[in-house]
Amino acid sequence: MRYFFLAYALLTVLVIGVAGVRGKKFSHTPFELFPDMDRQDKVKPQKPELFFADGVGARQPVLNTTPSHFAEEVAVGDHVRDLEFSKGRTGYYYTGKEGTDYYNGMPEELELSEETVGAFLRRGQERFGIYCSACHGEYGNGGGIASKLGVPGVANLLGEGYFAPTYSDGQLYDVINNGKGNMSGYGYNIPVRDRWAIVAYVRAMQKATTLPDDQKQAILTEKAKAN
């Protein structure tokens with residue numbers, strides 16, 4: 001029994017010696033078994049940061065990213081439409097299908113016209129770059145960074161199996177909304193209108209693969225100038 005008390009006393013002295021007595025002042029940083037995030041590797045607002053070439057700690061958002069819980073409005077023709085999501089709603093516009101059947105074509109609710117379709121496709125390109133290109137690649141060919149890191153099952157959207165009518169617009173929309181295979185659904189992240197914009201942009205990329213080589217090169221040249 002006495003050896004137990006001796007070991008207990010030595011252990012107590014060891015713990016106090018390592019952890020220190022609460023309230024005691026030190027000339028150096030004490031050992032902390034659980035620091036509880038008292039010190040974090042972060043840049044405080046309005047503070048300089050020598051890591052960046054300009055020495056400024058406050059940075060602009062990373063290109064092609066959207067802040068969490070960021071709300072915005074989308075211009076539609078001559079008016080502005082609030083963002084809308086599809087939870088609990090039915091119909092082709094919200095689900096990509098009527099009943100159990102998928103269909104092709106853009107929903108009437110989008111109110112597309114010759115004047116607005118260009119901006120709609122540009123919106124789709126932007127949203128595709130934010131949400132889809134990391135896996136599917138900038139051109140939709142499945143060559144994104146995720147596939148380079150060995151993530152399996154990344155679809156090549158330029159493959160004929162994803163062309164209409166084999167793979168309908170409604171099916172593409174449904175995959176964006178609910179996910180498929182290793183891909184998680186984006187129904188809580190991407191508004192309804194933006195999902196359809198991505199579908200339209202994917203169709204535009206697929207259409208571009210069927211163009212003559214000289215037209216493809218002209219598109220790539222124009223894209224390079226825009227960037």
Side-chain angles (χ1 to χ4, degrees), residues 18-20 25-76 80-85 118-158 176-177 179 182-202 204-205 208 217-227:
V18 173
K25 295 183 178 179
F26 293 85
S27 59
H28 56 82
T29 303
F31 172 79
E32 294 177 296
L33 185 59
F34 300 106
D36 295 326
M37 301 181 69
D38 291 334
R39 283 165 293 283
Q40 303 174 40
D41 293 328
K42 65 180 182 180
V43 180
K44 294 183 178 180
Q46 307 302 322
K47 294 292 184 180
E49 177 52 59
L50 298 179
F51 176 82
F52 300 107
D54 57 7
V56 178
R59 315 304 300 176
Q60 292 292 327
V62 178
L63 184 65
N64 288 336
T65 60
T66 301
S68 178
H69 305 299
F70 180 71
E72 60 177 317
E73 296 174 325
V74 180
V76 183
V80 173
R81 170 180 285 170
D82 294 332
L83 296 185
E84 55 186 343
F85 293 84
F120 186 70
L121 285 172
R122 286 190 293 272
R123 177 77 177 183
Q125 180 183 21
E126 179 190 59
R127 300 292 101 175
F128 185 92
I130 293 172
Y131 293 105
C132 313
S133 62
C135 292
H136 296 287
E138 182 180 3
Y139 300 105
N141 59 1
I145 186 63
S147 63
K148 292 182 173 65
L149 293 175
V151 176
V154 177
N156 174 10
L157 300 175
L158 303 186
I176 296 171
N177 188 20
N182 291 329
M183 174 182 163
S184 299
Y186 284 84
Y188 289 96
N189 305 90
I190 306 178
V192 174
R193 186 177 179 85
D194 284 346
R195 295 174 215 165
W196 285 112
I198 292 173
V199 171
Y201 180 65
V202 169
M205 287 193 295
Q217 188 58 48
I219 291 174
L220 292 175
T221 301
E222 193 66 28
K223 183 177 177 62
K225 290 180 180 179
N227 294 334

For the residue pair Asn141 and Asn156, what are the closest heavy atoms and their distance?
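Answer, listing the atom of Asn141 first, then Asn156: CA-OD1, 3.0 Å.
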Grab the two heavy atoms, one from Gly57 and one from Val43, that are nearest each other, plus how far apart they are.
CA-CG1, 3.8 Å
From [X] [atom1] over to [Y] [atom2], what is the distance, rounded to the nearest 0.5 angstrom?
| X | Y | atom1 | atom2 | value |
| --- | --- | --- | --- | --- |
| Met183 | Ile176 | CE | CD1 | 6.5 Å |
| Glu49 | Lys47 | CD | NZ | 12.0 Å |
| Ile198 | Ile130 | CD1 | CD1 | 8.5 Å |
| Gln125 | Glu138 | CD | CD | 8.0 Å |
| Cys135 | Asn182 | SG | CG | 9.5 Å |
| Arg127 | Arg195 | CZ | CZ | 13.0 Å |

Verdict with reasoning, Arg59 to Asp54, per side chain to side chain contact (heavy atoms under 4.5 Å, CB included):
CA-CA 10 Å; Arg59 315 304 300 176; Asp54 57 7; 2.8 Å; yes
Would you say CG of Leu50 has more than 12 non-hydrogen atoms from neighbouring residues, nucleotides or ligands within 6.0 angstrom?
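Atom CG in Leu50 is not crowded, with 12 or fewer foreign heavy atoms closer than 6.0 Å.
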Taking it one step at a time, do Arg193 and Phe120 satisfy side chain to side chain contact (heavy atoms under 4.5 Å, CB included)?
CA-CA 9 Å; Arg193 186 177 179 85; Phe120 186 70; 3.9 Å; yes
Please work out whether the ring planes of Phe128 and His136 are parallel, tilted or perpendicular, with thresholds of 30° and 60°.
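Rings of Phe128 and His136: tilted, 30 to 60°.
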